[in-house]
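Here is how names work: the chains are called A, B, and so on, in the same order as the sequence lines, proteins then strands, and each is numbered from 1.
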Amino acid sequence: MTEGLPVPSAGLAGISSLTMDPECSQLLPALCAVLADPRQPMADDTCLEKLLDWFKTITEAGSSLLLLQENPCLVELLCHMLKPQDLSSRVLSFSLRLTGVLAAQEDCFQYLQQGELLPKLFGEAGPLGGAAWTSPAVRSGWIQGLRSLAQHPSALHFLAHCGAVDTIFSLQEDSSLFVASAAGQLLVHILGLSMQGPAGGPPSLQAGDWPACAQKIVGHIEESLRATATPQITQALNVLTTTFGHYHDPWTQVLWVQLSPLVAGLLEKDPVPAAHSLVDLLLSVARSPGLSSSSCGLWETLAQTLSHLSPTQAGPLALGILKLQDCPQALRAQAFAVLLQPLACVLKAMAQDPGSSGVPDGTVGDSMTAGTPLPSKAACVGLLCRSLAHLELLLPLPQRPCPWPQAPLLGAAVTLLQLCGGSARPACDMGRHLCTLLLGCVRVQRAALDFLGALSDGTGPRELVTQVFAVLLEYLRSPDSSPTVLKKAFQATFRWLLSSPKTPGCWDLDPHALLFLRDLLPVLQKRLCSPCWEVRDSSLEFLTQMARHWGGQAGFRHALLASEVPKLTEQLLRDPESYVRASAVTAMGQLSSQGLCFPPAGPEHHGGQQKSLLVELLHILSTDSEGFPRRAVMQVFTQWLRDSHADVAGDTEQFVAGVLQVASQDLDWEVRAQGLELALVFLEQTLGQPRSHCPHAVTPPVEAPVGPLAQALQPLCRVRLFDFAFRALFDCDRPVAQKSCDLLLFLRAKTASSSGLQESRSSPDVASVEAALQRWQAGDQAQPLGDLEPEVVLAVLRSLDLEGLRGALAESSDHVEKSPQSLLQDMLATVGVLGENEADCY
Amino acid sequence: MPEIRVTPLGAGQDVGRSCILVSIAGKNVMLDCGMHMGFNDDRRFPDFSYITRNGRLTDFLDCVIISHFHLDHCGALPYFSEMVGYDGPIYMTHPTQAICPILLEDYRKIAVDKKGEANFFTSQMIKDCMKKVVAVHLHQTVQVDDELEIKAYYAGHVLGAAMFQIKVGSESVVYTGDYNMTPDRHLGAAWIDKCRPNLLITESTYATTIRDSKRCRERDFLKKVHEAVEHGGKVLIPVFALGRAQELCILLETFWERMNLKAPIYFSTGLTEKANHYYKLFITWTNQKIRKTFVQRNMFEFKHIKAFDRAFADNPGPMVVFATPGMLHAGQSLQIFRKWAGNEKNMVIMPGYCVQGTVGHKILSGQRKLEMEGRQVLEVKMQVEYMSFSAHADAKGIMQLVGQAEPESVLLVHGEAKKMEFLKQKIEQEFRVNCYMPANGLLPDAKKPRLLHGTLIMKDSNFRLVSSEQALKELGLAEHQLRFTCRVHLHDPRKEQETAMRVYSHLKSVLKDHCVQHLPDGSVTVESILIQAAAHSEDPGTKVLLVSWTYQDEELGSYLTSLLKKGLPQAPS
């Protein structure tokens with residue numbers, strides 16, 4: 001036992017211990033010895049993190065004191081940290097954090113206190129005063145240790161007396177962002193802890209009567225708020241923001257009443273310091289259920305802040321105000337005007353009749369046009385993007401302002417896109433200036449298209465909607481549109497098509513949308529031939545979406561079949577880019593499902609073409625060198641089988657057999673897994689629908705298979721489903737094995753209730769299959785099983801411990817390796833072995 | 001005064017999770033977006049909360065730059081762009097763009113294989129992320145916006161790896177990513193021009209190492225494989241699908257050809273074809289030798305290396321198998337390992353880093369009894385070897401790059417604190433520049449006063465400090481060239497021309513890396529240095545060497561004069 005520390009009370013031995021298994025207990029002393037030895041550096045920094053995770057789990061579940069009692073090497077390790085030596089900063093940091101974790105329980109804290117370990121580790125005599133303190137890892141460990149430790153009144157007393165609070169104040173200015181931020185968080189935690197009151201009772205509501213520690217922290221915050229240096233003000237504001245976010249007790253209201261004049265005082269400075277943090281604080285206070293906003297003058301402060309901050313700074317505050325559930329109408333109007341103002345300026349600058357933008361831009365100064373010189377491009381772009389993003393976030397919220405200026409906002413989004421695309425016709429100097437600033441600006445294009453898409457949820461005057469479609473078409477057509485912009489234009493177009501008014505009882509597109517479609521398809525044709533793979537891919541994704549929604553509608557079908565789009569899509573099955581091939585497979589699968597692949601020729605022609613697509617897809621499945629197209633083919637085939645696609649329904653068995661044969665040999669695990677999915681669909685169709693689509697549901701089916709079981713299983717045997725499924729049980733890729741296990745469990749449950757089939761428990765066939773399964777399990781690769789009889793399948797199915805296998809597979813693939821014992825073994829084994837290896841990344 | 005702020009969110013003093021935020025003249029750029037393979041939880045990704053609190057990411061960040069396809073540099077990218085919500089442009093080179101999704105898919109598979117890996121990106125997310133990529137060419141200046149421009153330089157290390165210069169107005173930062181200053185079997189050496197950035201952010205993985213030549217490691221590797229195969233053993237080499245696997249394939253293929261070996265070599269994943277396709281496609285990114293021999297023989301078309309079928313593992317006799325994944329934690333490589341581990345004739349060669357918890361890590365640290373699933377114990381009797389083939393610049397290489405780029409200050413990332421401290425001192429001493437080595441989240445203060453070189457122009461009561469080139473242009477002046485001169489006396493009774501010839505021969509043999517020329521007028525040049533031999537006016541047995549050089553070649557000039565002062569070697573009589 002280490003000097004100065006008594007042996008923990010033996011009376012604790014009776015407490016149920018959830019400490020650690022004997023193997024770990026045996027390994028721990030050696031590990032602690034290694035950690036304490038500076039000559040044996042730990043190579044892998046993740047190990048210490050994982051070790052600490054493990055100790056946290058143990059202490060959360062049981063007694064820390066007992067842990068120390070059973071493992072005295074831990075205290076020895078901690079004591080070792082006090083000796084002057086060249087310790088690794090990682091190990092020192094770890095020890096500080098471990099001490100904190102252990103001392104979070106008050107009895108363990110008292111025990112560590114008795115040996116003066118805590119003041120020596122966390123006080124002036126510890127790393128704090130030494131050379132190790134220059135390491136950010138040690139400073140961070142010190143803070144995190146204290147953060148864990150500060151859970152009880154004794155800890156609070158300790159913190160107050162060891163001078164830790166002053167050190168934390170200084171660490172708020174640490175050169176490491178992570179340390180500085182953690183210091184702020186720790187202050188909040190200590191403040192909260194000290195305000196819990198000594199005996200759990202509420203503290204006085206008079207700030208003057210607050211505990212000394214709390215008063216000290218509040219005093220420090222006040223001092224920081226009065227400071228002239230912005231970083232200090234920022235720290236104070238951040239601490240307060242976290243405080244009001246975490247604590248909602250009555251004392252927080254007292255705190256705000258006391259500090260709000262200082263916070264409001266910041267607004268008198270020009271420019272307002274730490275504006276971003278100030279906004280966060282005010283919103284945190286406004287959201288706090290512990291505060292009565294009206295009595296604290298908060299609304300006035302918010303209004304004042306809105307008008308003092310620059311438009312860029314005020315945006316997040318305005319959005320925050322509008323998200324509040326309960327807020328005065330005038331303040332909401334002011335906030336909304338801030339958000340709308342940049343768009344109002346755009347509309348005003350582009351209006352033929354200045355003064356009538358239609359957007360309620362409030363009373364705040366016209367920052368983009370009036371008084372000041374014309375804004376720089378960066379400022380203008382930034383402001384517009386933020387404004388659009390904020391409005392987009394506000395749009396779906398129930399508390400969004402009402403009435404919502406849908407039409408002017410639509411107009412603004414369209415105008416912005418026109419300005420960026422070069423099709424705007426400005427009437428005044430400001431408009432021309434905006435034109436110059438925004439022409440070709442991808443950032444604004446992206447933001448405006450997102451916003452325009454979001455606006456599709458509302459309605460708009462017919463002429464504006466026409467303009468929307470016109471500008472979208474302009475973007476889809478423009479050779480200048482970047483791939484990202486084009487993708488967003490496709491997304492917005494789809495949303496607007498979805499929202500276009502429908503004839504009652506009819507899901508087809510309305511006549512205007514159909515007219516638009518007529519213009520759109522040639523554009524789509526062109527985009528499918530783009531040299532840019534991103535564009536071809538986005539176009540195919542758009543086409544698939546369209547076909548899925550309107551593939552059954554006459555207007556859409558007619559327009560699509562009259563175009564070259566299906567033919568071009570078919571050609572993209574041979575695209576050099578695998579992503580595009582995969583999207584083309586999906587698109588063709590969708591088109592084919594809805595009979596949209598070909599011009600409306602005679603029915604005989606129709607059938608012939610369909611066959612060729614099946615052959616083409618099978619060819620891709622067997623030969624494509626990349627996984628994505630093969631996966632896409634499997635998804636299409638599974639869907640076709642589900643939907644009884646005409647081509648599949650003709651000879652389902654042949655189709656399934658062919659596909660399974662190829663998929664089972666695939667090197668890509670997702671193709672094999674998808675193959676089993678297809679097998680499951682076939683199985684369901686053959687044996688009758690299951691009650692649940694979940695393959696995990698193994699309850700016996702209500703419907704028994706029609707006809708004798710042997711007959712029902714015959715098709716499954718003929719397509720060699722079992723050969724694939726049994727082999728997949730031992731697939732080296734876990735998800736495949738899991739899928740197969742689920743499939744066979746489902747089948748077993750299906751067949752359990754059926755009678756009329758004699759299992760051939762001891763036939764030679766069963767023995768040979770079981771032997772093959774054993775070889776597979778051992779990793780050997782043998783020949784296929786060949787033709788299996790249903791009796792043999794059932795016998796093998798019953799003999800397999802599928803539940804056990806499912807349990808094993810449900811574990812993580814690294815569950816053995818990530819056990820604490822494995823960690824300790826690895827750490828011990830690594831000492832002095834790994835050197836260069838660690839740096840040799842991937 | 002330049003304002004450059006650097007916030008390492010992952011790479012500073014931490015190998016893995018390279019992710020650095022650079023703010024330069026109001027522009028914010030994220031350099032790399034890597035992940036840490038050692039963790040299974042949120043700790044595997046950089047801590048983005050320090051930037052998300054600045055409002056919307058897309059508004060805050062101007063662009064993301066990815067230096068190369070290794071997961072510790074790009075593994076968090078789909079998470080960042082599709083789940084955290086970054087919507088802006090991502091820049092990388094063409095090969096990186098092609099290869100990145102393959103490795104990300106590989107990684108996703110590992111994650112899916114483990115239980116409880118929720119909050120993870122999907123294949124669709126990887127694709128959507130890759131659609132945001134803007135591919136760049138080497139030395140192409142890409143205008144991100146009106147003010148921000150970037151330029152890529154060759155970095156060696158892996159196919160497509162690049163260093164990036166980020167420039168806003170007159171301020172610039174160079175980020176090296178991982179790089180290699182010596183050419184290897186399939187890649188060339190990193191190179192950057194004298195771009196004199198305000199700050200050079202360089203990796204420092206091997207900050208204190210002067211590494212033995214890669215040739216030695218390669219010889220060692222081949223010897224071990226050869227011995228094992230000769231004794232009838234099977235050799236397993238767990239690899240990631242792309243990168244080191246191709247390098248080792250070239251190595252074995254050439255060796256097999258030379259030694260006329262018959263034992264089969266297999267590549268297990270079916271990715272060989274695809275990987276080789278990329279190496280062929282981006283042949284210009286490989287080294288000169290591969291490019292030159294491409295017409296006669298494509299180095300990436302392997303005669304001896306065949307696709308692996310699972311059934312082959314049971315074949316009798318020796319063989320070499322490349323299998324994924326590289327850390328032996330799951331999948332085919334683990335399956336083969338289990339099968340072969342019990343035979344002491346067999347061998348496993350780990351050519352890369354393995355994180356704690358994987359079978360690869362365990363066997364490398366000497367553990368021979370491994371607990372497998374169901375409390376089975378696997379006894380490892382096969383030989384276990386570790387061969388490092390990683391291509392990072394060593395201390396010498398890092399110094400060389402600092403010398404090439406001539407930065408005003410240097411920041412070390414991607415290395416261990418202690419090693420970085422050593423290199424920091426060396427850089428500060430040798431180059432007289434500030435050198436920083438921040439911990440994650442630390443902000444190095446790059447706002448210290450600094451010396452500015454320029455020309456002050458006074459015009460219409462206005463003062464302007466402009467670059468010398470700009471001043472010359474505006475004033476319509478030509479630049480004067482300042483040359484240092486020195487006389488070296490040599491005892492040589494021969495004629496001037498012969499002396500000059502001797503000087504030429506001597507310098508030619510000593511300065512192999514420089515361009516030494518003998519001009520028709522008899523003078524000798526080495527770069528900008530001019531050497532002329534003249535007779536001594538008083539002593540015919542002595543010749544005077546007139547040496548002159550520009551200030552740019554000051555170092556070489558001084559070296560040359562001191563060399564000549566030592567005299568010339570005796571000419572054969």
Side-chain angles (χ1 to χ4, degrees), chain A residues 44-47 49-50 89 135-137 175-179 276 316 377-378 382 385-386 389 443 446 483-484 487 534 537-538 579 625-628 667 669 732-735 779-781 808 810-818 822-823 825-826 829-830 833-834 836-842, chain B residues 7 14-16 38-39 43 50 54-56 59 70-72 87 109 112-116 127 131-132 146 205-206 240 269-270 273-274 310-311 313-314 329-332 335 338-339 352-353 355-359 361-362 364-367 371-374 386 388 390 417 439-443:
Chain A
D44 191 334
D45 62 338
T46 62
C47 290
E49 291 285 321
K50 291 176 191 169
S89 56
S135 162
S175 55
S176 163
L177 270 183
F178 293 84
V179 173
H276 191 85
K377 176 170 178 171
C385 287
R386 281 187 193 97
R443 275 180 83 166
R446 286 198 313 250
T484 323
K487 185 181 169 190
E534 295 93 333
D537 193 75
S538 298
Y579 275 140
S625 63
E626 308 235 9
F628 308 120
L667 290 167
W669 67 276
C732 62
D733 288 312
R734 176 174 302 253
D780 286 358
Q781 302 300 322
E811 299 265 22
S812 157
S813 65
D814 62 352
H815 81 281
V816 175
E817 291 88 348
K818 76 178 179 192
S822 160
L823 174 67
Q825 281 168 345
D826 284 359
T830 311
V833 176
L834 296 180
E836 189 180 68
N837 175 337
E838 190 204 359
D840 180 18
C841 263
Y842 323 126
Chain B
T7 317
D14 178 13
V15 177
F39 290 111
R43 284 174 287 186
Y50 289 87
N54 288 310
R56 277 200 353 137
D59 296 329
H70 277 158
L71 291 174
D72 56 331
D87 205 15
K109 181 187 158 186
V112 170
D113 214 33
K114 290 179 182 167
K115 204 185 160 194
K127 180 168 86 170
K131 280 187 181 176
K132 293 174 183 167
D146 292 347
T205 308
Y206 292 136
F240 281 92
T269 60
E273 202 181 314
K274 185 161 50 177
R310 276 177 282 179
D314 298 318
H329 58 273
Q332 193 148 53
Q335 198 174 51
R338 281 178 168 199
K339 194 184 277 283
Y353 166 71
V355 298
Q356 185 277 322
T358 58
V359 171
H361 183 273
K362 284 179 188 296
L364 275 182
S365 61
Q367 298 180 59
E371 191 191 325
M372 308 307 273
E373 281 154 359
Y386 172 73
S388 169
S390 85
N440 283 343
L442 194 77
L443 299 169

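- Only the side chain of A/R446 has a heavy atom closer than 4.5 Å to any heavy atom of chain B.
- Not counting sequence neighbours, the partners of A/R443 by the salt bridge (Lys or Arg N to Asp or Glu O under 4.0 Å) test are B/D62.
- Only the side chain of B/D146 has a heavy atom closer than 4.5 Å to any heavy atom of chain A.
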message: Working note: B/K131 + A/T484, criterion side-chain contact (heavy atoms from CB on, under 4.5 Å); need CA distance, chi angles, decisive distance, verdict.
response: CA-CA 7 Å; B/K131 280 187 181 176; A/T484 323; over 6 Å; no
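- Using a 4.5 Å heavy-atom cutoff, the side chains of B/R338 and B/V359 are not in contact.
- Using a 4.5 Å cut-off between heavy atoms, A/S135 does not touch chain B at all.
- Put simply, the side chain of B/R43 does not reach to within 4.5 Å of the side chain of A/T46, judged on heavy atoms.
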